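Take a look at the structure set out below.
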Number of protein chains: 2
Amino acid sequence: MAETPGGESLLFLTDEQLRKGIEAMFFAYRGFTADPDRILEGMDYGRAHHRAIHFIHRSPGTTVSNLLSILGVTKQSLNRVLRTLIEDGLVRSEKGKVDARERHLHLTDKGQMLERELSDAQRARMRAAYRAAGPQAVAGFRQVLEAMMDPEMRRQYNRLKEGG
Amino acid sequence: MAETPGGESLLFLTDEQLRKGIEAMFFAYRGFTADPDRILEGMDYGRAHHRAIHFIHRSPGTTVSNLLSILGVTKQSLNRVLRTLIEDGLVRSEKGKVDARERHLHLTDKGQMLERELSDAQRARMRAAYRAAGPQAVAGFRQVLEAMMDPEMRRQYNRLKEGG
DNA sequence: TTGGAAAGTCAACAAGGCTGACGTAAATTC
DNA sequence: GAATTTACGTCAGCCTTGTTGACTTTCCAA
């Protein structure tokens, strides 16, 4: 049995173990998005709207270009989503005071309500999973996910962590 | 500080911790799909083709309806993907011998080659993440993901685990 | 004052989901 | 043996969400 200098088994690095991890990601991500998707269906919104709402809530006053780099989509794609959210009165866009080219984004009260509904549902599932797995498993979960990110994504993720 | 009867801290269940987990899932999933996406762009294929190829490789001879229940899409959607894979000679479809209504799916040699290329890339990232996080973190990672799945998805996941 | 960055818009397109309707062959049930 | 159900395929049309390309407006900063 393969052992590292430190003595840990390397069996967790077999192709079979890696494949299980890949499939776990696939199935778990479905669960991860299932509840918000269910809430949004019927409204005119989808997962893209959820993501925008989440990160605007997370960083109130964020600019469009900051949101673009977090979401990793084109401005045309994001703009379509933002426009409907602004028209429907969920998001408020205001010109920057120091730099008037920028648009600072905030959730309205109505936007806050939808955000709350969506994140309550998503957190409920996450909470149940965390509770079932326990604190040590959760720490490992986060470690592996962080290691799986592209460096640029990890930078974004950590910037959010600190900021909050 | 909140403590369970067992004595573990419950701080890992705060909304803040849950939010970090949610964002970690979002950013990590991007990394998870990035390498195969890069390989497939330029070919006429996308993520949907990758998923079909993965699970046909995983369960050679599987039927269309079995694949449907694993992927959770409509037959029209899956059919569009399968048709191109069959036309391009990556997948072979053959009538069932015991039940001739069924179509059993296999990867051709050409299909195996693409599968290998895709899964090598995806496993490389997963392996790096596993190695960086260590075996105990990996165990926790899998525990949390399993707990996050819908029961039906968990059933599918476990059926695959055993079968492999 | 002018170059370039930030933001927005229009048009066109593609992938990949979806529903509904219909057809065919084979298995199952009555 | 007839009727029904199951497995699969296909056509048509729609939606969301991503893409590129071209263009305009605004406005900061060198």
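In this text the structure is predicted, and so the values were computed from the model without any measurement. To find a chain, count down the sequence lines: A is the first, B the second, and so on, and within it residues start at 1.
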Report task. Looking only at side-chain atoms of A:Val64, point me to the closest of C:dA7, D:dC8, D:dC28. Result -> C:dA7
Report task. Look at the side chain of B:Thr108 and the backbone N and O of B:Gly89, then say whether any donor-acceptor pair between them is shorter than 3.5 Å. Result -> yes
Report task. Walk me through it: do A:Leu107 and A:Glu115 pass the test side-chain contact (heavy atoms from CB on, under 4.5 Å)? Result -> CA-CA 9 Å; A:Leu107 293 184; A:Glu115 193 283 332; 3.8 Å; yes
Query raised in the report: Reckon B:Gly72 touches a base, only the sugar-phosphate, or nothing at all at heavy-atom distances under 4.0 Å?
Result: sugar-phosphate
Report summary line: From the list A:Arg154, A:Arg51, A:Arg58, salt bridge (Lys or Arg N to Asp or Glu O under 4.0 Å) partner of B:Glu23 resolves to A:Arg58
Query raised in the report: Any side-chain donor-acceptor pair under 3.5 Å between B:His49 and B:Thr84?
Result: yes
Query raised in the report: Using a cut-off of less than 4.0 Å, is there contact between a side-chain N or O of A:Arg47 and OP1 or OP2 of C:dG16?
Result: no
Report task. Grab the CG-P distance between B:Leu82 and D:dG9 for me, whole Å please. Result -> 7 Å
Query raised in the report: Going by modelled atom types, is there a donor-acceptor pair between the base of C:dG20 and the side chain of B:Gln76 at under 3.5 Å?
Result: yes
Query - Length of the OH-P vector between A:Tyr45 and D:dC15, whole Å - result: 17 Å
Query raised in the report: Picking from D:dT19, D:dC28, C:dA27, which would you name as closest to the side chain of A:Ser77?
Result: D:dT19
Query raised in the report: Roughly, in whole Å, what's the span from NZ in B:Lys75 to P in D:dC11?
Result: 13 Å
Query raised in the report: If each of B:Val73 and B:Val98 is mapped to the nucleotide of DNA chain C with the nearest heavy atom, which maps nearer the 5' terminus, i.e. the 5' end?
Result: B:Val73
Report task. Take the protein atom CZ of A:Arg51 and the nucleotide atom P of D:dT16, then report the distance between them rounded to whole Å. Result -> 15 Å
Query raised in the report: A:Thr74 near the nucleic acid: base, sugar-phosphate alone, or nothing, with a heavy-atom cut-off under 4.0 Å?
Result: base
Query raised in the report: For the base of D:dT26, is there a side-chain donor-acceptor partner from A:Arg101 under 3.5 Å away?
Result: no
Query raised in the report: Which part of the nucleic acid, if any, lies within contact of A:Arg80, taking any heavy atom under 4.0 Å across all strands shown: a base, the sugar-phosphate backbone alone, or nothing?
Result: base
Report task. Using only side-chain N and O atoms of B:His49, determine if any of them is under 4.0 Å from OP1 or OP2 of C:dG16. Result -> yes
Query raised in the report: What is the distance from CG of B:Leu71 to P of D:dC8, rounded to the nearest Å?
Result: 13 Å
Query raised in the report: Between atom CG in B:Asn66 and atom C1' in D:dC8, what is the gap in whole Å?
Result: 14 Å
Report task. Answer yes or no: does a side-chain N or O of A:Arg103 lie under 4.0 Å from OP1 or OP2 of C:dG8? Result -> yes
**Report entry** B:Arg83 side chain, from C-beta outward: closest of D:dT10, D:dA7, C:dG17
**Finding:** D:dT10
**Report entry** From B:Arg92 atom CZ to B:Arg103 atom CZ, the distance as rounded to the nearest 0.5 Å
**Finding:** 14.0 Å
Query - Whole angstrom value for the distance that separates P of D:dT25 from CD of A:Glu102 - result: 21 Å
Query raised in the report: Can you tell me if the side-chain N/O atoms of B:Ser65 get under 4.0 Å from OP1 or OP2 in D:dT6?
Result: no
Report summary line: Of the listed C:dA27, C:dA6, C:dT9, the closest approach to the A:Asn79 side chain comes from C:dT9
Query raised in the report: Does B:Lys95 have a side-chain nitrogen or oxygen under 4.0 Å from the phosphate oxygens OP1 or OP2 of C:dA26?
Result: yes
Report task. Would you check if the distance from the ring center of A:Phe55 to the ring center of B:Phe26 is below 6.0 Å? Result -> yes
Query raised in the report: Could you give the CG-to-P distance, from B:Leu68 to C:dC18, as a whole number of Å?
Result: 10 Å
